Amino acid sequence: EPEVTQTPSHQVTQMGQEVILRCVPISNHLYFYWYRQILGQKVEFLVSFYNNEISEKSEIFDDQFSVERPDGSNFTLKIRSTKLEDSAMYFCASSGGGAGANVLTFGAGSRLTVL
Amino acid sequence: AQSVTQPDIHITVSEGASLELRCNYSYGATPYLFWYVQSPGQGLQLLLKYFSGDTLVQGIKGFEAEFKRSQSSFNLRKPSVHWSDAAEYFCAVVPSSGSARQLTFGSGTQLTVLP
């Protein structure tokens with residue numbers, strides 16, 4: 001069964017450092033997403049991406065965050081200067097077109113720890 | 001504002017017992033409804049979804065859910081729980097109209113299965 005893969009599975013970084021989280025969505029999917037889950041809290045929407053541009057973003061997704069689809073297969077989330085409160089599990093997801101647009105397939109997540 | 005409520009933070013059942021996990025939503029119109037499961041170290045796996053039609057939907061791993069419009073609920077059930085069902089379960093919704101594809105998650109219910 002097709003799956004969404006994420007790397008790294010766990011990253012530890014110092015506050016102020018840049019972090020890039022990588023995702024390979026399902027190959028024929030059209031919509032791409034990042035969500036995050038701070039320990040003990042809800043899974044929260046960050047951003048959606050379609051047709052090579054951001055289609056929606058939440059208030060969490062400020063100027064420190066950016067997304068990119070550099071080569072047609074990878075989908076990356078960059079955090080420019082990490083803060084302690086960025087420590088969370090970050091989930092990538094993708095969905096297809098038409099009726100499948102609302103059915104998201106999630107990756108296993110990338111756990112980010114900011115020290 | 002739209003919201004999803006899972007009133008039970010933690011549920012413990014014995015293996016072989018029946019299970020019902022509650023989910024209530026608050027939306028202007030009936031949204032699309034989902035249940036996801038997250039096992040330790042794993043991503044969010046889709047159990048089942050409801051878009052329209054038959055209000056009793058069947059999912060994977062023997063789970064089912066019933067949509068009750070009058071109660072704004074979408075409760076997840078399983079007649080006989082297996083030890084491997086121990087995980088965290090998330091109800092999620094997305095608006096059925098408009099362009100928004102932001103899945104909104106409930107806070108999750110942690111299921112413990114006793115031998």
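Treat the numbers as computed from the prediction; the structure is a model and nothing was measured.
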Trainee: If you look at every heavy atom in A/Ala101 and A/Leu104, which pair is closest and at what distance?
Mentor: O-CD1, 4.1 Å
Trainee: Taking only residues at least two apart or on different chains, which pairs with a member in residues 5-22 of chain B satisfy side chain to side chain donor-acceptor pair (under 3.5 Å)?
Mentor: B/Gln6-B/Thr109, B/Asp8-B/Arg22, B/His10-B/Thr112, B/Glu20-B/Asn75
Trainee: With only heavy atoms counted, which part of A/Val103 is less than 4.5 Å from chain B, the side chain, the backbone, both or neither?
Mentor: both
Trainee: Please classify the contact between B/Gln38 and chain A as side chain, backbone, both or neither, with a heavy-atom cut-off of under 4.5 Å.
Mentor: side chain
Trainee: Below 30° counts as parallel, above 60° as perpendicular, anything between as tilted: where do the rings of A/Phe106 and B/Phe105 land?
Mentor: perpendicular
Trainee: What pairs of residues pass the side chain to side chain donor-acceptor pair (under 3.5 Å) test when at least one of them lies in residues 62-71 of chain B, not counting sequence neighbours?
Mentor: B/Thr30-B/Arg69, B/Gln58-B/Glu64, B/Glu64-B/Arg77, B/Glu66-B/Arg77
Trainee: For A/Thr76 and A/Ile20, indicate whether the former's side chain and the latter's backbone hold a donor-acceptor pair under 3.5 Å.
Mentor: no
Trainee: Side chain from CB out, backbone as N, CA, C, O: work out which of these in B/Leu46 comes under 4.5 Å of a heavy atom of chain A, or both, or neither.
Mentor: side chain
Trainee: May I ask you to list the residues in residues 107-115 of chain A that approach chain B closer than 4.5 angstrom, counting heavy atoms only, ordered by number?
Mentor: A/Gly107, A/Ala108
Trainee: So, B/Thr104 and B/Tyr25: side-chain donor and acceptor under 3.5 Å apart, yes or no?
Mentor: no
Trainee: Chain B heavy atoms under 4.5 Å from A/Glu3: which part of the residue, side chain, backbone, both or neither?
Mentor: neither
Trainee: Please verify the inter-ring angle class for B/Phe51 with B/Phe34; under 30° counts as parallel, over 60° as perpendicular, anything in between as tilted.
Mentor: perpendicular
Trainee: Only pairs at least two apart or in different chains count here, so list each disulfide (SG to SG under 2.5 Å) that has a residue in residues 5-104 of chain A.
Mentor: A/Cys23-A/Cys92
